[in-house]
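Data first, discussion second: the structure below is written as structure tokens.
Quick caveat: nothing in here was measured; it's all calculated off a predicted structure. These values consider heavy atoms only, across backbone and side chains, with no hydrogens, waters or symmetry-generated copies. Chain naming here is simple, since letters A, B, ... match the order of the sequence lines and numbering starts at 1 in each.
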Number of protein chains: 2
Amino acid sequence: MSTERIPFERLVEAIETVLVEAGASPEVAGILALNHAGCERDGALSHGVFRVSQYAETLRSGYLDSVAEPRVERVSSSYLRVDAAGGIAQLALSRARDEISRAVEEQGVAVVAIRDSQHHSALWPDLEPFADAGYVAVTAVTGGEPTVAPAGAHRAVLSTNPFAFAMPIEGAPHLIADFATSSMSYGDLTLAAQAGRSVPVGTGVDAAGGETTDPRAIVDGGVLLPFGGHKGAMLSMMVELLASALTGGDFSFEAQRDKPGGAHSTRTGQFLLVIDPDRGASTPFAGRASRLVQALRDAGMDRMPADHRYRTRAEAETLGIPVTPAIRELLDAAD
Amino acid sequence: MSTERIPFERLVEAIETVLVEAGASPEVAGILALNHAGCERDGALSHGVFRVSQYAETLRSGYLDSVAEPRVERVSSSYLRVDAAGGIAQLALSRARDEISRAVEEQGVAVVAIRDSQHHSALWPDLEPFADAGYVAVTAVTGGEPTVAPAGAHRAVLSTNPFAFAMPIEGAPHLIADFATSSMSYGDLTLAAQAGRSVPVGTGVDAAGGETTDPRAIVDGGVLLPFGGHKGAMLSMMVELLASALTGGDFSFEAQRDKPGGAHSTRTGQFLLVIDPDRGASTPFAGRASRLVQALRDAGMDRMPADHRYRTRAEAETLGIPVTPAIRELLDAAD
């Protein structure tokens, strides 16, 4: 049986329709639709159509301000401060984009501190345009619910705190890494619990603080652990400090998701750094970077970060996006 | 039996004497002496007196240019490019320090690309002065010998590629993390092999690519692995790209340590980012950061990065630095 497939544009339109119905402005709906249809197209299903209902729900609940007007302040030639005003981080970033480009063109670097946003998507769509322009970009987002405890702690203080970077590579797709600083994303943990699958030792601990391979024991009163022991924990702490303390967003442990419509709901922070790498060296960066990638491939590293996404994207561009049950439901809702 | 102890200043002087005898200029000897005596004082022995003979040897071999004159170029108000000219990275950083401070004062951010340097020390001494000034600093260094292979690769392409960051914390010592992106530093691996101690699964693989807990099997034809699986590998790749491709230093796989005195020896690269975090948010960073540290301590995380160093430093400041056999040897050599 062949899978039904639809063009990218049709998926974008359906997401837009659903989000506008949930209360999003056409601009916000358009930005999110491109983002989630892009994730779905690239096979990053956990941030694809799956997330649209989450955004629709937060719009309806009032967590996400549907008419938020971001405020962009350029505090120096290379430093921006953006108040997302309770709206989506992607709108704040979109409104700041021209100023960011100007900063990088003028100074070779832009530091961007986004506060009071909502960010439930992947980070790589935020970075890809900068790599397209030949820039190196690094980002970190915090403000999720606390679900992660570093070794020694008996309750969650950190969230899954994602970190991402993008590097242009000559003659090859950008090298874009985007990962939770926890052992696993909370979504994947929940899916494993629902499916009754076990998880590796080190994923998390149970309510008594003991090692477990049962994801349900982690979800029910336990906590996730950072990836890679204390080094991953330090990286997660770096994400909290850059994305929250430096921007003015909430720390994960300050998130109050139980107060819908209240004065104080989740206010995520996002730290973004964009650099023109060609100012640093006399040899163009992308060409040098391609030598490292080649050396790694020559040594047998057969899967680079994002390889899967690029392959799935190329297939979707030729054949269309496979219609999953979630997409079927979305298309029906949009009709 | 009580351990003999000496004052910090005496150790600094002895290191200076030994390095000047090995061919270092008084300025270089002074910078390195403060660095290594500081590491020893703080209990970071793997970068303390232990490293002095390594620097002395590279000075005598001609790898390390004893009269190198670093060249600092300010390519924009917030971007510096530093040619260490084959000398130590710490001299290059020292000569760039005023320009870095000016950039951060003016723009709130400085990107620093240091190339063609030698860096065998810890990274936290490079960052601590920036945290003293209330700044956030991040650094990455590459250019060591290739000893690390990401999963899938059958030979080493990456080095232990250290990464470090420093964050000022109100009312508490700075949060400074400094770690190899490999599972273990090569020094610790060698020490474990010499002592016949086993290492955890995941530290590295043997010459046949198989899992091992025998450090000798990793040293003899095997390779180290990045910490934390593919996420740590991505971080190590980020270090290579920022510290080498962006600066113009060598990639680790390009290092040619077997050519002493040749035209092309190890040229490490260092990427440094210094940010005034108070430009990003309306609440001072150090105060907010102290809330996160307190929340982590309250949750039971009883050891923060650098806690051990600060405790050992305080003790050394009161009682003096314990004289190890390595220090005894150094003092004798300096007499």
Side-chain angles (χ1 to χ4, degrees), chain A residues 75-79 81 106-109 111 113 115 136 149-157 165 167 175 177 179 181 227-232 234-235 237-238 240-242 244-248 251 253 273 275 277 279-283 285 288-289 291-292 295-296 299-303 305, chain B residues 75-79 81 106-109 111 113 115 136 149-157 165 167 175 177 179 181 227-232 234-235 237-238 240-242 244-248 251 253 273 275 277 279-283 285 288-289 291-292 295-296 299-303 305:
Chain A
V75 293
S76 85
S77 314
S78 44
Y79 211 130
R81 197 164 141 160
E106 284 173 24
Q107 301 293 339
V109 53
V111 168
R115 67 181 185 277
V136 160
H154 45 73
R155 64 169 187 273
V157 175
F165 61 84
M167 311 268 179
L175 183 79
F179 55 95
T181 52
F227 90 95
H230 73 285
K231 294 183 183 182
M234 290 191 277
L235 208 60
M237 287 163 74
M238 182 182 87
E240 290 275 344
L241 290 168
L242 291 180
S244 295
L246 187 145
T247 68
F251 286 123
F253 79 90
L273 172 72
I275 300 179
R279 308 263 187 126
S282 45
T283 314
F285 178 91
R288 287 269 293 144
R291 292 203 56 196
L292 178 70
L296 287 163
M301 188 180 174
D302 54 1
R303 189 172 161 186
Chain B
V75 294
S76 85
S77 314
S78 43
Y79 210 130
R81 199 164 140 160
E106 284 173 23
Q107 302 292 339
V109 54
V111 168
R115 67 180 184 278
V136 160
H154 45 74
R155 65 171 184 272
V157 176
F165 61 84
M167 310 268 178
L175 184 78
F179 55 95
T181 53
F227 90 95
H230 73 284
K231 294 183 184 182
M234 290 192 277
L235 208 60
M237 288 163 72
M238 182 181 87
E240 290 276 344
L241 291 167
L242 291 179
S244 295
L246 186 145
T247 67
F251 287 123
F253 78 91
L273 173 72
I275 300 179
R279 307 265 185 126
S282 44
T283 314
F285 178 90
R288 289 270 293 143
R291 293 205 54 196
L292 178 70
L296 287 163
M301 188 181 174
D302 53 1
R303 188 172 161 186

Criterion side chain to side chain contact (heavy atoms under 4.5 Å, CB included) on B/L273 and A/L273, from CA distance to verdict: CA-CA 10 Å; B/L273 173 72; A/L273 172 72; 3.6 Å; yes

Between A/V111, A/D302, A/L292, A/V109, the one whose heavy-atom pairs under 4.5 Å with chain B are most numerous: A/L292

Atom pair CE/CG of A/M237 and B/L296 - distance to nearest 0.5 Å: 5.0 Å

Interchain contact, B/F253 with chain A, by part (heavy-atom threshold 4.5 Å): side chain

Partner chain B: residue of A/G152, A/P277, A/G280 with the largest heavy-atom pair count (under 4.5 Å): A/G280

Option that, when pairs with chain B are counted at under 4.5 Å, heavy atom only, ranks first among A/M238, A/R303, A/K231: A/K231

Residue among A/A299, A/G300, A/P150, A/G229 with most heavy-atom pairs under 4.5 Å to chain B: A/A299

Region of B/A151 in contact with chain A, defined by heavy-atom distances below 4.5 Å: backbone

Euclidean distance, B/F165 CZ relative to A/L242 CG, rounded to 0.5 Å: 8.0 Å

Contact class of B/V75 relative to chain A, heavy atoms under 4.5 angstrom: both

Approximate separation, where rounding is to 0.5 Å, of A/S77 OG and B/E106 CD: 9.0 Å

Gap between atom CG of A/L175 and atom CE of B/M234 - 0.5 Å precision: 9.0 Å

Contacting region of B/I275 [heavy-atom separation from chain A under 4.5 Å]: side chain

Residue among A/M301, A/R81, A/H230 with most heavy-atom pairs under 4.5 Å to chain B: A/R81

Options A/L235, A/L246, A/T283, A/V157, ranked by heavy-atom pairs under 4.5 Å with chain B, top entry: A/L246

Greatest number of heavy atom pairs closer than 4.5 Å to chain A - which of B/A177, B/A113, B/G228, B/S78: B/S78

Side chain B/R288, main chain A/G248, donor-acceptor under 3.5 Å: no

Minimum-distance pair of heavy atoms, taken over all atoms of B/A289 and A/A245: N-CB, 4.3 Å

Euclidean distance, B/E240 CD relative to A/R291 CZ, rounded to 0.5 Å: 12.0 Å

